[in-house]
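We count ligands from 1, going down the list as the structure has it; atoms in each ligand are counted the same way.
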Amino acid sequence: MTQNTFTWGVSTSSFQIEGAAHEDGRGDSIWDAFCREKGRIVNGDTGDVACDHYHRFKEDIALMREMGVGAYRFSVAWPRVLPNGRSAVNEAGLAFYDRLVDALLAAGIEPWLCLYHWDLPQALDDLGGWQSRDSAGWFADYAMLVGRRYGDRVKRFATFNEPCVFTLFGYGFGLGAPGLKDRVALHRAIHHVNLAHGGAVDALRAAVGGASIGAVHNRQPCLPASAEVADRDAAQRFAEYWNGAFPEPQFFGCYPAALAREIEPYQQPGDMARICRPTDWFGLNHYSPNYVRADSGNVLGFGFAGPPADVPRTPIGWPIVPDAFADTLIEIDRRYRVPIYVLENGTASNDALDANGTVSDPGRIAYVKAYVEAMQRAIAAGADVRGYFVWSLLDNFEWGSGYSQRFGLVYVDYPTQRRIPKASARWYADLIATHRKSASQQIT
Ligand code: FCB
């Protein structure tokens, strides 16, 4: 591992932590609207307050500083800076991210800015959202605004977080905002998000000198739930959507074969060249393999299955397979030939404050340790991995699961908003310090 250039970080996203949903002119996002729909989110939770990071960001940066992280990935809430998604700019919203970026830089933490972590302005969804081809232009304009505003201080930009997840869940499976189960909507959204990515890359290159740009993809092996032919076919098709729908057109200018036929009606001449723009790195979010089965009740004919009984799982049932992480890193390295940054990896656990006011989370420490070791095996095998970011800095709003799942290195006591670093936060700080020490020894 090239210790001296390796980046250790933590990740969050705007809707999951900021709160202040109706403050300083922020507009509604599709997730605000989705949370208001009965039965969508566990316990009827919302992002209205979340971790109140909007007001507590200095405290949160101090926590990162204590941990010794070198970088922080956050996202800008599009409806905070453009309440209607386009035209009228909200200066108060822009000023919040000025304060955040300046405080990060003062703490010696590199800001990694993601333009889109799923909180589309509701006003744009009212105009068709990602189903509308116009969305590519709306997004490029937003990228230009953000690039021009922060590009003097921020150089690391991600266009989208997990486009495969928010399109599949939001338009195919009905599990995320805007909650549709509609093949046509899904295929339109996939293509328009790809066009938006390409337009944003161009906008950021134009706006920011020395920008380092990528997209963040969730990539996992997609395994059939049984040896039945139908399940094996299902897993293959699922993999096209999950692993192929975005990286393939973005890096090579073409969709995987079966998907290409579905997308064709929404494609126009020149589109693939607009999508396939040079980027600087591959952002990887990785948790665990997907198990897939044929499912005639699903609009795509396939869906998730539970993992086999003998696979170890996290408390929320996600399989723990560090070798799959190593294999994924090696596969990405060989296929896409750009540096890889792991921008999310981590686990939820049933954390609670004990009588001494501390939080012990041995399961998270064991998980992160095993995955970091797997990453080191991939690096030893030649994969060019340049950074690793834990999901997440704080416990936060975990989409459809609301606040019932805790992914943080830092515990959030929601009634008081008190932050309590868990045992894993201290463990991660030690890991970073050890690597830093061995890096400085390498240099001298
Ligand atoms: C990823 C999302 C992130 C978080 C983690 C647990 O799919 O990007 O927002 O929810 O899962």
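Asp384 has no carboxylate O lying under 4.0 Å from a charged side-chain N of Arg337, or vice versa, which leaves the two without a salt bridge.
For the residue pair Asp119/Ser14, the side-chain donor-acceptor check at 3.5 Å is satisfied. If you check the side chains of Asn43 and Tyr403, you find no donor sitting under 3.5 Å from an acceptor. Judged purely by distance below 3.5 Å, without hydrogens or angles, the side chains of His192 and Gln131 never pair a donor atom with an acceptor atom.
The aromatic rings of His187 and Tyr241 sit tilted relative to each other, their planes meeting at an angle between 30° and 60°.
Residue pairs meeting the salt bridge (charged side-chain N to carboxylate O under 4.0 Å, His left out) criterion with at least one partner in residues 15-24, sequence neighbours excluded, are Glu18-Arg80.
For ligand 1, residues of the protein lying within 4.0 angstrom by heavy-atom distance are Gln16, His117, Trp118, Asn161, Glu162, Asn285, Tyr287, Glu344, Trp391, Glu398, Trp399, Phe407.
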